[in-house]
Every structure is written in C-alpha cells, then in structure tokens.
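Below is one structure, written out as structure tokens, with a few remarks after it.
Every number for a ligand or one of its atoms is a count from 1 in the order of the listing. Values in this document were obtained by computation on a predicted structure and should not be read as measured data.
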Amino acid sequence: MRRKLVVGNWKMNGSRAGNAELLAALKAAGPWVAEVAVCAPFPYLADVALSLQGDGIGWGAQDCSAHESGAFTGEVGASMLTEFGCRYVIVGHSERRAYHAESDQVVADKAKAALAHRITPIVCVGETLAERESGQTDMVVKRQMSVVVHTLAHCISQVVVAYEPVWAIGTGRTASPEQAQAVHALLRAQLNAATAKAGEMKILYGGSVKPDNAATLFAQPDIDGGLIGGASLKAADFAAVCRAAA
Ligand code: 13P
C-alpha cells in the first residue's frame with residue numbers, strides 16, 4: 001500500500017509574515033494520514049525549515065541546478081539544499097520547461113543531482129492543450145519520462161513523479177479522474193518496465209486540485225496524491241486537500 005503524498009507548490013508567492021501564518025495554521029490543522037510537504041521559494045526555505053522543525057510536515061524547493069557547483073550565477077545546488085535538511089525538490093515543472101527552456105535532459109540531470117544529495121526529486125511531466133487535442137498526450141509524457149528513466153537507470157525508483165497536464169494548471173480546469181488515471185497507469189507501466197519497484201513509486205496528480213475534487217482524484221488506483229498550486233496558499237484549502245488523501 002503506497003502512502004499518499006500531498007505537496008504544496010507555493011510557486012513565486014508568499015512573504016515572511018504570510019508564510020509564518022500559513023505554516024502555523026497548517027501545523028494546527030495536522031496531522032494527516034497522508035504525508036504532507038510544502039515547496040517554498042529559495043529565500044524562505046531556512047524560515048520554513050525552522051518553522052517545521054519537529055513537525056511532521058516536510059519541505060522542499062521548487063528547482064535545483066543540474067550542476068554540482070561553480071560559475072552558474074543565480075542557480076542553487078542540491079548540495080546547498082541538503083545542508084538545510086531539504087527533503088524534496090520539484091524538477092521539470094511545466095513553468096520552468098516553458099519559461100526557462102528546460103529540456104527533458106536538463107530535467108533528468110537535475111533529478112540526478114538531487115538524488116546524489118539524498119533529496120527526492122518530484123519530476124513533473126505533462127502535455128499542453130494542443131498536444132492533448134492532437135492526440136499526443138501518451139507520446140509526450142512517455143518521452144519526458146523516458147529521458148529520466150534512462151538518465152537515472154537503477155535509481156529511478158527513488159523519484160516521485162507528478163503528472164501535471166499543462167492545460168489544467170491554474171486554469172480551474174481539472175483533468176477528470178478517468179483522464180488522470182489513464183495517464184498515471186501509462187506512466188506506471190512505463191516505470192514497471194524499468195524497475196521492479198514501480199509498484200512502490202508515488203505518482204502525483206497536479207492541476208487545479210481543490211478541496212471539492214481532491215477525494216475523487218486521489219481515489220484512483222494509480223494516483224498517489226497531489227502537487228497543489230493555488231490551493232496550497234490557503235491553509236484551510238490545503239488542509240482539506242490533505243485530509244482528502246486518506
Ligand atoms: P494549480 O493547483 O494552481 O493548478 O497548480 C498546479 C501546479 O502547477 C502545481 O505544481
């Protein structure tokens with residue numbers, strides 16, 4: 001039985017005071033049956049780590065460099081994150097693929113860099129609306145996943161996968177539980193061909209998950225929790241989504 005995981009992706013939102021309020025409310029709302037974590041912007045990570053110390057809620061970053069160290073202005077290395085006790089790092093979010101031209105290989109290299117420092121990468125895959133409408137969903141997510149599978153080889157079982165259809169992110173338009181389950185099953189089959197541990201791997205769904213649709217999505221056999229954007233910024237909503245992952 002895979003324990004569900006719900007991760008809040010705060011994206012470029014927050015303030016020191018606002019984060020403190022949000023985390024205090026979250027801590028008061030827990031614990032949950034599911035594992036819960038929040039991924040905050042880099043400058044806030046030390047605050048978040050301190051605030052969540054001794055609490056069951058984990059934390060992570062939203063990106064890391066594919067490189068170990070050196071002349072990469074503006075980048076943050078996985079070795080730096082791990083010094084603070086970082087548990088997760090999101091890699092290959094569609095916003096980074098789109099706005100920072102991250103290729104499938106760069107995403108895979110970032111996942112590898114995270115694992116080298118014992119941080120669990122949350123590897124995002126997902127198709128655009130145009131790709132879905134032209135019947136390319138399966139091909140696109142399989143291509144994105146296969147580069148990660150080949151790059152990580154026997155370590156692939158250590159990643160968390162997040163299926164986030166680009167057309168469902170921040171749009172209020174969620175994939176139906178059936179649409180999401182179909183892609184999750186496809187990804188599980190692909191992972192199964194690569195590792196004997198595919199059955200233990202978590203595949204999260206992300207894209208307009210809210211308190212009112214979370215339970216039906218999380219009830220699907222291959223959906224092991226969620227990567228939550230907008231709803232993770234409101235304590236009551238995020239707590240309700242976490243509760244739905246029982
Ligand atoms: P929303 O939940 O706001 O649609 O964002 C999803 C997402 O991108 C999480 O990484």
Worksheet item: Has ligand 1 got any nitrogen or oxygen that is less than 3.5 angstrom from a nitrogen or oxygen of Gly170?
Response: yes
Worksheet entry | Atoms of ligand 1 close to Gly207 [distance to a heavy atom under 4.0 angstrom, numbered from 1] | 4 (O), 6 (C)
Worksheet item: Counting from 1, what ligand 1 atoms have a heavy atom of Asn9 closer than 4.0 Å?
Response: 9 (C), 10 (O)
Worksheet item: Hey, is Lys27 close enough to Asp55 for a salt bridge, meaning N to O under 4.0 Å?
Response: no
Worksheet item: Could you state the interatomic distance from CG (Leu23) to OG (Ser51), rounded to the nearest 0.5 Å?
Response: 4.5 Å
Worksheet item: According to the interplanar angle, ranging from 0 to 90°, do the rings of Tyr205 and His184 count as parallel (below 30°), tilted (30 to 60°) or perpendicular (above 60°)?
Response: tilted
Fill in: Flag, side chain of Glu127 to backbone of Arg132, donor-acceptor distance under 3.5 Å
no
Worksheet, complete the sentence: Between the CG atom in Asp222 and the NZ atom in Lys202, the distance rounded to the nearest 0.5 Å is 13.5 Å
Response to the item:
Within the 4.0 Å heavy-atom cut-off, what Ala168 brings close to ligand 1 is backbone
Practice prompt. Could you say whether the N/O atoms of His93 and ligand 1 ever approach to under 3.5 Å?
Written response: yes
Worksheet item: Below 3.5 angstrom, do we get any N/O pair linking Ser208 and ligand 1?
Response: yes
Worksheet item: Between the main-chain N or O of Leu191 and the side-chain N or O of Thr195, is there a donor-acceptor pair closer than 3.5 Å?
Response: no
Worksheet item: Out of curiosity, Gln62 CD to Ile122 CD1, how far, rounded to the nearest 0.5 Å?
Response: 10.5 Å
Discussion item. Going by the closest heavy atom to atom 8 (O) of ligand 1, which one wins out of Lys11, Arg173, Gln62, Glu95?
Written reply: Lys11
Practice prompt. Would you mind listing which atoms of ligand 1 come within a distance below 4.0 Å of any non-hydrogen atom of Glu164?
Written response: 6 (C), 7 (C), 8 (O), 9 (C), 10 (O)
Item to complete: Look only at interatomic distance and state if Gly229 has a nitrogen or oxygen under 3.5 Å from any nitrogen or oxygen of ligand 1.
Response: yes
Discussion item. Checking contacts here: is it the side chain or the backbone of Leu227 that comes within 4.0 Å of ligand 1, counting heavy atoms only? Could be both or neither.
Written reply: both
Worksheet item: Does an N or O anywhere in Gly230 fall below 3.5 Å from an N or O of ligand 1?
Response: yes
Worksheet entry | Arg87/Glu35 ion pair, N-O < 4.0 Å | yes
